[in-house]
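Labels below follow one simple rule: chain letters A, B, ... track the order of the sequence lines, proteins then strands, and each chain is numbered from 1.
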There are 2 protein chains.
Amino acid sequence: MRVSKEEAARNRERVLEAAGRLFRKHGFDGVGIDAVMAEAGLTHGGFYKSFSSKEELIAEACRRAAGQADEAWRAEEAQAEDPLAAFLGQYLSQAHCSDPGSACLFVTLAADAARRDTPVRDAFAEGLCGFVTHIESLLPKVPEAVRHERALAVASAMIGAVTIARATNDPAFAEQVLSAARSAILAAATRPA
Amino acid sequence: MRVSKEEAARNRERVLEAAGRLFRKHGFDGVGIDAVMAEAGLTHGGFYKSFSSKEELIAEACRRAAGQADEAWRAEEAQAEDPLAAFLGQYLSQAHCSDPGSACLFVTLAADAARRDTPVRDAFAEGLCGFVTHIESLLPKVPEAVRHERALAVASAMIGAVTIARATNDPAFAEQVLSAARSAILAAATRPA
DNA sequence: ATTATCTATAGATCTATAGATAATGC
DNA sequence: ATTATCTATAGATCTATAGATAATGC
C-alpha cells in the first residue's frame, strides 16, 4: 500500500485540488477530511502524513487555488484583444456563478476565511493582493496611486456582484446584477484621472 | 418549567436574535442548535417546539436580520442631512468590518446562503431586494431604469468592499479598500444619466 | 529499514427525538 | 388538560491518532 515519493507528491497535489473544489462548493465547515480524501481517491487516515491539521489544509488549498486562478487569468489575458473587457466578461458571467466548485475563491470563501485564524487569513490575503495587482495591470495607464485605488474598487465590485448573483435562486436577477456591474465597472475603470 | 404564551413568543424572538448573531459570526455550519439555544438562555431540547429544523431557523433568522437592518438604516436615514453619504460612510467603515456579530448579513452570509436550499435562498433573496430598493431610494433622481441598474451596482460594490476588507488581517489594507469603494461608489452614483 | 497508505477507533460534537416536569390557561 | 421547557439519549459525523500493511529506496 505504499507508493513512490513522486506518486506521493502527486497525491498531495490531488488532495489540495480536491479540497479546493469541495471547499468552494460547501465551505470550510461543510467538508470533512474524509470527503476530501475520498474525492482524491484516498482513505482519510493517510491525511495526517501530508498535513498537520485541517487548518493547514485550508491555508494550502487557498494558496493553490489562488495561484491556479492567477495563471488561468494571465493565460487568457495574453490572447485577448481587449484584456480588461475579456476578464470582466468572463468573471461577471452566469457560467462563473453556476459552477461553485471552480468559481473564484474570493467569492465563494472570503466570508469563510474571515472567520479563520491567521494562517488561513494570511494565505487568503496574499491571493487577494495578487488579484488586485492583476486587475491593476489591466487598467488604463493613469498615475500609479489612482490606478491602485481603482483596482481595489474594481476588485470589490467584481467580487460583490458575483457574490450577490449567486446568493439568489433567480437567474434573471443574477443577470441584472452582473450586467449592471459590467457597465459600472467599465465606466469607472476607463474614466480619465 | 413552563412559561406563558407571551414569554414563549419572546423566547422565540430571542432564539432568532441569538441565531442571527452567531450565524453571522461563525457561519451556518459553524453554530449548532445547542449554541444558539444557550446564547438565548435556553436548553437545546426545546428548540424543536419552535422550529421544525435548523434550515427553518436559518431562513427565519435571515428574514429577521434583514428586516432589522432595514429598519435601522431607515431610522438613520431619516436624521441625516445627506442620507446617501451617511449610509455609505457607516456601511464602508472599519467599525462595520470588526463586529461580525452585528455586521450586514449580505456580507457575512451571502456565500453561506448560496450553498443552501430554496427556503433559505428565498429568504435571503427577499432581503437583498429590500437592500437594493433602499439604495435606490437614496440615489439621485435619474430615470427609473438607470437608477435601478445603478442601485444594483452600488449594492454589489458595497458588499464586495466589506467582504474583502474583512477577509484580511491587515487594517491598513481594509481602510484602503473601504476608502477606494467610497469614492468610486459616490462618483458612480452621482454622475449624470 | 523506511514510509505512504489503510483499517479501526477514540472522543467530541451535531441534529433530532422521546419522555419527564411543572406552570399556564381553560 | 395542555404545553413550554428540560433531561437524556440515539445515531450520524467529524478531527485526530494508533497500529498494521506492503511497497519503496538505501
Side-chain angles (χ1 to χ4, degrees), chain A residues 1-62 109 112-113 115-117 119-120, chain B residues 1-62 109 112-113 115-117 119-120:
Chain A
M1 304 281 178
R2 188 189 165 191
V3 301
S4 71
K5 271 186 180 171
E6 288 75 20
E7 186 69 28
R10 266 195 298 276
N11 280 348
R12 194 179 192 275
E13 279 298 294
R14 286 231 311 287
V15 171
L16 285 175
E17 197 190 335
R21 212 162 35 234
L22 292 178
F23 284 151
R24 278 179 276 186
K25 217 188 268 191
H26 307 290
F28 298 141
D29 289 335
V31 181
I33 304 294
D34 63 333
V36 172
M37 294 300 273
E39 175 94 351
L42 299 164
T43 56
H44 70 281
F47 174 79
Y48 292 91
K49 265 275 149 60
S50 300
F51 302 94
S52 70
S53 67
K54 187 180 181 181
E55 289 299 305
E56 189 186 306
L57 172 68
I58 292 174
E60 287 289 310
C62 284
L109 292 171
D112 281 60
R115 294 174 197 130
R116 297 282 159 174
D117 286 335
V120 175
Chain B
M1 304 281 178
R2 186 186 167 192
V3 300
S4 71
K5 270 186 181 173
E6 288 75 19
E7 186 69 28
R10 266 195 298 277
N11 281 347
R12 193 179 192 276
E13 278 298 295
R14 286 231 312 287
V15 171
L16 284 175
E17 199 191 332
R21 211 162 36 234
L22 291 178
F23 284 149
R24 277 178 277 188
K25 217 188 269 189
H26 305 292
F28 297 142
D29 290 335
V31 182
I33 303 297
D34 63 333
V36 171
M37 293 300 274
E39 174 95 352
L42 299 163
T43 57
H44 69 280
F47 173 80
Y48 293 91
K49 265 276 150 58
S50 299
F51 301 94
S52 69
S53 67
K54 188 181 180 181
E55 288 299 305
E56 188 185 308
L57 171 68
I58 293 175
E60 287 290 310
C62 284
L109 292 172
D112 281 60
R115 294 176 198 129
R116 295 282 160 175
D117 286 336
V120 175

Specify the separation, in whole Å, of atom [atom1] of [X] and atom [atom2] of [N].
| X | N | atom1 | atom2 | value |
| --- | --- | --- | --- | --- |
| B/Glu7 | C/dA22 | CD | P | 18 Å |
| B/Phe51 | D/dA4 | CZ | C1' | 14 Å |
| B/Lys49 | C/dT24 | NZ | P | 17 Å |
| B/Glu6 | C/dA23 | CD | P | 18 Å |
| B/Ile33 | C/dT13 | CD1 | C1' | 13 Å |
| A/His44 | C/dA10 | NE2 | P | 13 Å |
| A/Leu22 | D/dC14 | CG | C1' | 15 Å |
| B/Leu42 | D/dT3 | CG | P | 19 Å |

Pairwise distance [atom1]([X]) to [atom2]([Y]) - rounded to 0.5 angstrom:
| X | Y | atom1 | atom2 | result |
| --- | --- | --- | --- | --- |
| A/Phe47 | A/Glu56 | CZ | CD | 7.5 Å |
| A/His44 | A/Ile33 | NE2 | CD1 | 9.5 Å |
| B/Asp34 | B/Met37 | CG | CE | 10.0 Å |

So what does [X] hit on the nucleic acid, given a heavy-atom distance under 4.0 Å: a base, only sugar-phosphate, or nothing?
| X | answer |
| --- | --- |
| B/Lys54 | sugar-phosphate |
| A/Ser50 | nothing |
| A/Val31 | sugar-phosphate |
| A/Ser4 | sugar-phosphate |
| A/Gly32 | sugar-phosphate |

Measuring from the side chain of B/Arg2 (C-beta onward, heavy atoms only), which nucleotide among C/dA4, C/dT7, D/dT2 has the closest atom?
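The nucleotide sitting nearest to the side chain is D/dT2.
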Quick one: which of C/dC6, D/dT17, D/dT3 gets closest to the side chain of A/Tyr48?
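That would be D/dT17.
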Which nucleotide, in any strand shown, forms a Watson-Crick or G-U wobble pair with C/dG19, with both distances under 3.5 Å?
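C/dG19 is paired with D/dC6.
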Evaluation steps, salt bridge (Lys or Arg N to Asp or Glu O under 4.0 Å), between B/Glu7 and B/Arg10
CA-CA 5 Å; B/Glu7 186 69 28; B/Arg10 266 195 298 277; 3.0 Å; yes
By nearest heavy atom, map A/Lys5 and B/Gly41 onto DNA chain D; which one lands nearer the 5' end?
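Counting from the 5' end, the first nearest nucleotide belongs to B/Gly41.
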5'-most contact on DNA chain D: A/Gly30 or A/Gly46, nearest heavy atom basis?
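So the residue in question is A/Gly30.
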List the steps, then state whether salt bridge (Lys or Arg N to Asp or Glu O under 4.0 Å) holds for B/Asp29 with B/Arg116.
CA-CA 11 Å; B/Asp29 290 335; B/Arg116 295 282 160 175; 2.5 Å; yes
5′-ward residue of the pair B/Glu55/B/Val3 relative to DNA chain C
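Whichever sits nearer the 5' end wins; that is B/Glu55.
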For B/Asp34 and A/Asn11, find the nucleotide of DNA chain C closest to each by heavy atoms; which residue's nucleotide sits nearer the 5' end?
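Upstream on the strand: A/Asn11.
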